[in-house]
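Structure first, then comments.
Both backbone and side-chain heavy atoms feed into the values below; hydrogens, waters and symmetry mates do not.
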Amino acid sequence: MSTIKEILSILEEMAPLAYAEDFDNVGLIIGDEDADATGILVCHDALENIIDEAIAKKCNLVVCFHPILFTGIKKITGKNYVERSLLKAIKNNIAIYAVHTALDNHPEGVNKIFCDTLELTNTQILIPKQNHIRKLVTYTIRDNAEKVRNALFEAGAGSIGNYDKCSFNSEGTFTYQGNEKSEPTIGERGVLSRGTETKIEVVYAKHLEAGIIKALKENHIYEEVATEIYNMKNTFNHIGLGMIGELEEAMDEKDFLQYAKDKMGANGIRHSSFTGKKIKKVAVLGGSGSFAIKNAIQAGADAFLTADLKYHQYYEAENQLLLADIGHFESERYTKEYIVDYLRKKILNFAIILSEENTNPVKYL
């Protein structure tokens, strides 16, 4: 038996909450994390019928893609679909956990699934994450430097693109003098100490910071560990919104739209005017992606597949690419299968169930 808290740690490995956008509401939305888990139901939207399904299948943790509670709420009286879902979940001791943009931004998440379904190759992040890289600077004696470096690497520091164990090291002279309460590793309290230290610099993704600082302190020999932490302006090219990749063979625009419709199980695709160009390079962004039209154009995409486009946004294609709205649910539809597969590989002792309910609110004649 596992507690819900233990399962949450696995979900956060799959989609670190630090990857999420600031506006989002990800993670545990309601529920007691110390409760024993009886089963996991994975869905797209945690609606009332999903809670009914969880009750019937004896699952007390619902893992959903979209957060059922997105903005602030002052009352829960059951007057709308959000409040009814929350009330039923609370009454039946069912926890709800949402992944949303934490998985949108993941290099193996929503948009990679989108690309894989379209069989795109040479995929890259369309809009790399900003303000996610930090730099740690610390100082220690030569004899301790290798131990500290290795501990930082083990905790996830020092990864730059396709390289790991990256650091910059330089040497200089240290001075310090401990007061009467100090217990210096080198020298004596009340006496000025001087010697040679190694300065170690490493970069890391900010969601790893707690573990990196813990590793540093556990492996450093000093009583007081000197650290400097900087926010970096560098983009984090391996996580972010949207992706761009290439078809194996270029297609006519109409053939490409039919191909995308079939692959994504869409009922229809709204699109901008045809450009007359072949489609080879394709940008995708699951969910509402109108904000990324210019990014797709700048990246040289021949087509951009996303959802929730408004009337005037189709003009923004400017005859430079084919702009297509494949449907919000359709653009994310295979995400829940990814979550189920991931959890089944990690958790072997109880049920992980893919919801049988279709929560797509958009219907077609």
Legend entry - L103 with I40, same ILVMFWY side-chain cluster at under 4.5 Å: yes
Inset, instruction - Look at the side-chain heavy atoms of Ile, Leu, Val, Met, Phe, Trp and Tyr, link any pair under 4.5 Å apart, and say whether L241 and I125 land in one connected group. - result: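 No, no single cluster joins them.
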Could you tell me whether the side chain of [Y] reaches within less than 4.5 Å of the side chain of [X], counting heavy atoms only?
X    : Y    : result
K135 : E201 : yes
E53  : E356 : yes
F65  : E332 : yes
L257 : L322 : yes
E13  : K346 : yes
I279 : L247 : yes
L69  : L86  : yes
T275 : L321 : no

Could you tell me whether [X] atom [atom1] has more than 12 heavy atoms of other residues or ligands within 6.0 Å of it?
X    : atom1 : result
E183 : CD    : no
R189 : CZ    : yes
Q177 : CD    : yes
K363 : NZ    : yes
F291 : CZ    : yes
E188 : CD    : no
E223 : CD    : yes
Y364 : OH    : yes

Legend entry - Heavy-atom donor-acceptor pair, K277 side chain to D252 backbone, under 3.5 Å: no
Inset, instruction - Check whether any side-chain N or O of N93 sits under 3.5 Å from a backbone N or O of N60 as a donor-acceptor pair, and report yes or no. - result: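 No, the answer is negative, given that no donor and acceptor are paired below the 3.5 Å cut-off.
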Inset, instruction - Over 60° means perpendicular and under 30° means parallel, so classify the ring planes of F23 and F70, tilted if in between. - result: tilted
Legend entry - Stepwise side-chain hydrogen bond (donor to acceptor under 3.5 Å, both in side chains) check, N360 with E330: CA-CA 9 Å; N360 186 1; E330 289 78 5; 3.3 Å; yes
Can you name the closest pair of heavy atoms from [X] and [Y] and give their distance?
X    : Y    : result
V63  : I339 : CG1-CG2, 4.1 Å
G286 : V110 : CA-CG1, 4.2 Å
I51  : S85  : CG1-O, 4.0 Å
G327 : A307 : C-CB, 3.5 Å
N179 : S182 : O-OG, 2.7 Å
Y334 : K263 : OH-O, 3.1 Å

Legend entry - Under the side chain to side chain donor-acceptor pair (under 3.5 Å) test, residues paired with K261 that sit two or more places apart: none
Inset, instruction - Check the pair K345, D341 against salt bridge (Lys or Arg N to Asp or Glu O under 4.0 Å), reporting the backbone distance first and the verdict last. - result: CA-CA 6 Å; K345 291 173 184 175; D341 290 344; over 6 Å; no
Inset, instruction - Indicate whether any N or O donor in one side chain lies under 3.5 Å from an N or O acceptor in the other, for Y139 and E171. - result: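 There is no such pair (donor and acceptor under 3.5 Å, judged by atom type) between the side chains of Y139 and E171.
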Legend entry - Donor + acceptor pair across side chains of E48, Y81 (<3.5 Å):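 No, no side-chain donor-acceptor pair sits under 3.5 Å.
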Inset, instruction - Run the salt-bridge test on K280 and E246 with the 4.0 Å N-O cut-off and return the result as yes or no. - result: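 E246 and K280: not salt-bridged.
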Inset, instruction - Indicate, with yes or no, if the rings of H328 and H44 have centres closer together than 6.0 Å. - result: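 No, too far apart.
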Inset, instruction - Verify the ring-centre separation between Y314 and H271: is it less than 6.0 angstrom? - result: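 That pair fails the under 6.0 Å test.
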Inset, instruction - State which residue, out of H238, H100, H132, fulfils the ring pair (Phe, Tyr, Trp, His ring centres under 6.0 Å) condition with Y19. - result: H132
Legend entry - Residue among K310, H312, Q313 satisfying side-chain hydrogen bond (donor to acceptor under 3.5 Å, both in side chains) with S290: Q313
